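Okay, structure first, notes after.
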Number of protein chains: 2
Amino acid sequence: MSDPASPPAPPRRRPDRSSVTICDVARLAGVSMITVSRAMNTPEQVSEAKLAKIRAVVDQLGYVPNRMAGGLKSARSRLVMALVPSLSSQVFTPTVQALTEALEQRGYHLMLGQSGYEDSREDHMLEAIIGRRPDGIVLTGVLHSQESRKRLIASGIPVVETWDYSPSPIDMLVGFSHDRVGEEVCTFLARQGRRHLALVTGSDARAMRRRDGFVRSAARLGLPPPRVAMIAAPATHANARVALAALLDAGPPLDAVFCSSDLVALGVLNELQSRGLSVPGAVAIVGFGDLAYAASMHPSLSTIRIDGARLGRLAAELIVQRAEGREVDEPVIDLGFELVERDSTGGG
Amino acid sequence: MSDPASPPAPPRRRPDRSSVTICDVARLAGVSMITVSRAMNTPEQVSEAKLAKIRAVVDQLGYVPNRMAGGLKSARSRLVMALVPSLSSQVFTPTVQALTEALEQRGYHLMLGQSGYEDSREDHMLEAIIGRRPDGIVLTGVLHSQESRKRLIASGIPVVETWDYSPSPIDMLVGFSHDRVGEEVCTFLARQGRRHLALVTGSDARAMRRRDGFVRSAARLGLPPPRVAMIAAPATHANARVALAALLDAGPPLDAVFCSSDLVALGVLNELQSRGLSVPGAVAIVGFGDLAYAASMHPSLSTIRIDGARLGRLAAELIVQRAEGREVDEPVIDLGFELVERDSTGGG
DNA sequence: TTGAAAGCGCTAACAG
DNA sequence: CTGTTAGCGCTTTCAA
């Protein structure tokens, strides 16, 4: 019991978890560590015989290389960080999905982060990112402070900005002009004979840009200035209803609404329905995003479609090119957008 | 030009990007590396004077510790991997959000992965995960093959399974019983006087468990066997409409539908509306998930609410406890659920 | 095609 | 409170 020669072993956590290393494999296969390394990374440099032997041992031991160690020496983490404002906004899902797949195919992994918080957290966030030494960062129109931008540039990590357009990005860019989206929707509604236009919109920077284009276009076309209902954050279905309700209660009737997202459009539709206003008879609605349900809603929703999957693939391409030291042929890509005409604006 | 003594330097990529290391900081601050390390990780162990000096140098140089290096030595990556079936299913968003925040607070970062693919990719996925040596894995009722489960157990990484209930999990669990969800919804609808029940449901394992509970309960209550419409994957709004349409066209009328998600419920609602069937008058609808729009839909949607945020916080708690070698007091947690009664079932 | 040596950037384990 | 020593697991030279 109290034998001093055999003290009870203190219950240590994970004394040697997953301790199978490249060393163990090398020993069992009767080769050197570096040969094992080559067998994993560049098998064409290893003879058939040793390759077979090594692979057998790897399977037997369940060896999985430690990428932290590899990344440390090679200075390549094979990690790409993507920052989206929020996961609840379905608009970014296809982009993230495509990004994941495209990177995976090339041997990279995606880390996903949410940036839709206060500026105070941005610093923490950036530190977390840079600390992991990703081979690239995909930004979704974020980074509020100038300070953060500088820091990111200083880190030397390749950056792709997306979902927005700027002729002079930090580094690379795949996006489209929100200004032009606003203009095009306004022109379209005017052509449909709508004159009393309104916006029901969230308050993020890109939505504001769409608003500006919309309002400017209305002025140019000689329409009455569009009325704007800002949605209290977050821009949920419920808040959209509230915002539109306030607009309807406060002023003259309107005959068309441009919404900052398809979800908002759904809220607007429900509010109109509950007031007995017909869509598209009395009021036309245009959404933004072309989410899965836009086409099958009742009535189906006219909206702006962005090819988010293509965006993701292009961004992945750019990052990988830069990470592998290749020359990037076209670092700034305008993806464009498409106005999809459906029932909510009077039939397509 | 052809001076052999000065060959043109090949244009190398990132020759020394972000090369400021703990070494540089130590030198400039006139202390040893380990003191800098302590200043960053356990500042209470460093004197005020040196701390101030070090912090100044860190700011000046823009030093960000390389977590790959730290993780290598300490065998703690401070990385937690979360696997969700898909990002498009909004049900998991609050969980992911809460997980992110709770982990961040404790100095961990979340890596998000999507698992909703074919089994063939599961192996790749697991390899990618284990390769990064996360301190924990949060699983969302996934991992199709028995092989994968074994491999995960063998890796020794703490695992929390979520969004499901099993008395004998791999390691730890935070979830609820889908069987009981099905039972409760069925009982509820029966109590409302509904007798001709139907299911419109996706085909994932958990939805199937809800179906089983629902069907079993109906039998027990002496109701006619519920009719089941399976939705072609993916379970979108449009596919839900198609599935319900087929059901309505093929057989006798029904007076209540239990849907496998709120999105499906929206599709079901739209299909009923377009056929002039009133909700809840002719048909009652119950969803699953209590997404943001459920409460503000028209009519508002009765549904099953899961406290996804709480689930995320609890999972984070468990992971961190295990990662830090503390004893886990309650490794299996039944979170429960709540039936939220709204207009789509005849008023709450 | 293979191997030996060296070290990526950091931190545990001891001493002082 | 501070420093020294020794490596984490892997890959990049370089040489055979």
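All chains are named by letter (A, B, ...) in the order of the sequence lines, taking the proteins before the strands, and each is independently numbered beginning at 1. The structure presented is a predicted model; accordingly, all values stated were derived computationally and were not measured.
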Q: Identify whether any heavy atom of B:Met68 sits under 4.0 Å from a base atom; if not, whether one sits that close to sugar-phosphate; answer base, sugar-phosphate or nothing.
A: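 No contact.
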Q. Is B:Arg67 touching bases, backbone alone, or none of the nucleic acid, heavy atoms closer than 4.0 Å?
A.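 Counting heavy atoms under 4.0 Å across all strands, no contact is made by B:Arg67.
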Q | Sidechain-backbone polar pair: A:Ser77 side chain, A:Arg133 backbone, donor-acceptor under 3.5 Å | A | yes
Q) Quick one: does A:Asp135's side chain have a donor or acceptor within less than 3.5 Å of a partner on A:Arg78's backbone? A) yes
Interatomic distance, [X] [atom1] vs [N] [atom2] [rounded to whole Å]:
X: B:Leu51; N: D:dT2; atom1: CG; atom2: C1'; result: 14 Å
X: A:Asn41; N: D:dT11; atom1: CG; atom2: C1'; result: 8 Å
X: B:Arg132; N: D:dC8; atom1: CZ; atom2: C1'; result: 17 Å
X: A:Gln45; N: D:dT12; atom1: CD; atom2: C1'; result: 12 Å
X: A:Lys50; N: C:dT1; atom1: NZ; atom2: P; result: 12 Å
X: B:Glu48; N: D:dC1; atom1: CD; atom2: P; result: 9 Å
X: B:Arg27; N: D:dG3; atom1: CZ; atom2: C1'; result: 17 Å
X: A:Ile54; N: D:dC10; atom1: CD1; atom2: C1'; result: 15 Å

Q: Select from A:Gly30 and A:Leu72 the residue whose nearest nucleotide in DNA chain C is closer to the 5' end of that strand.
A: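 Its nearest nucleotide being more 5', the pick is A:Gly30.
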Which nucleotide in [options] has an atom nearest any side-chain atom of [X]:
X: B:Thr35; options: C:dT11, D:dG3, D:dC10; value: D:dG3
X: A:Ile22; options: D:dG3, C:dT2, D:dC10; value: D:dC10
X: A:Arg38; options: C:dT11, C:dT2, C:dC8; value: C:dT2

Q: For A:Val96 and A:Leu110, run side chain to side chain contact (heavy atoms under 4.5 Å, CB included): C-alpha distance rounded to whole Å, both residues' side-chain angles, the deciding distance at 0.1 Å, then the answer.
A: CA-CA 9 Å; A:Val96 172; A:Leu110 188 74; 4.2 Å; yes
Q) Is it the case that B:Ser89 and B:Ser86 place a side-chain donor and acceptor less than 3.5 Å from each other? A) no
OP1 or OP2 of [N] sitting under 4.0 Å from any side-chain N/O of [X]?
X: B:Asn66; N: C:dC8; answer: no
X: A:Ser47; N: C:dT1; answer: no
X: A:Ser37; N: D:dC10; answer: no
X: B:Thr21; N: C:dC8; answer: no

Q: Take B:Lys73 and B:Ser32, find for each the nucleotide of DNA chain D with the closest heavy atom, and name the residue whose nucleotide sits nearer the 5' end.
A: B:Ser32
(Q) Closest-nucleotide mapping onto DNA chain D: is B:Ile34 or A:Ser74 further toward the 5' terminus? I mean the 5' end. (A)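 So the residue in question is B:Ile34.
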Q.
So that I can tick it off, tell me whether A:Arg106 and A:Glu317 are bridged by a salt bridge, with the cut-off set at under 4.0 angstrom between side-chain N and carboxylate O.
A. yes
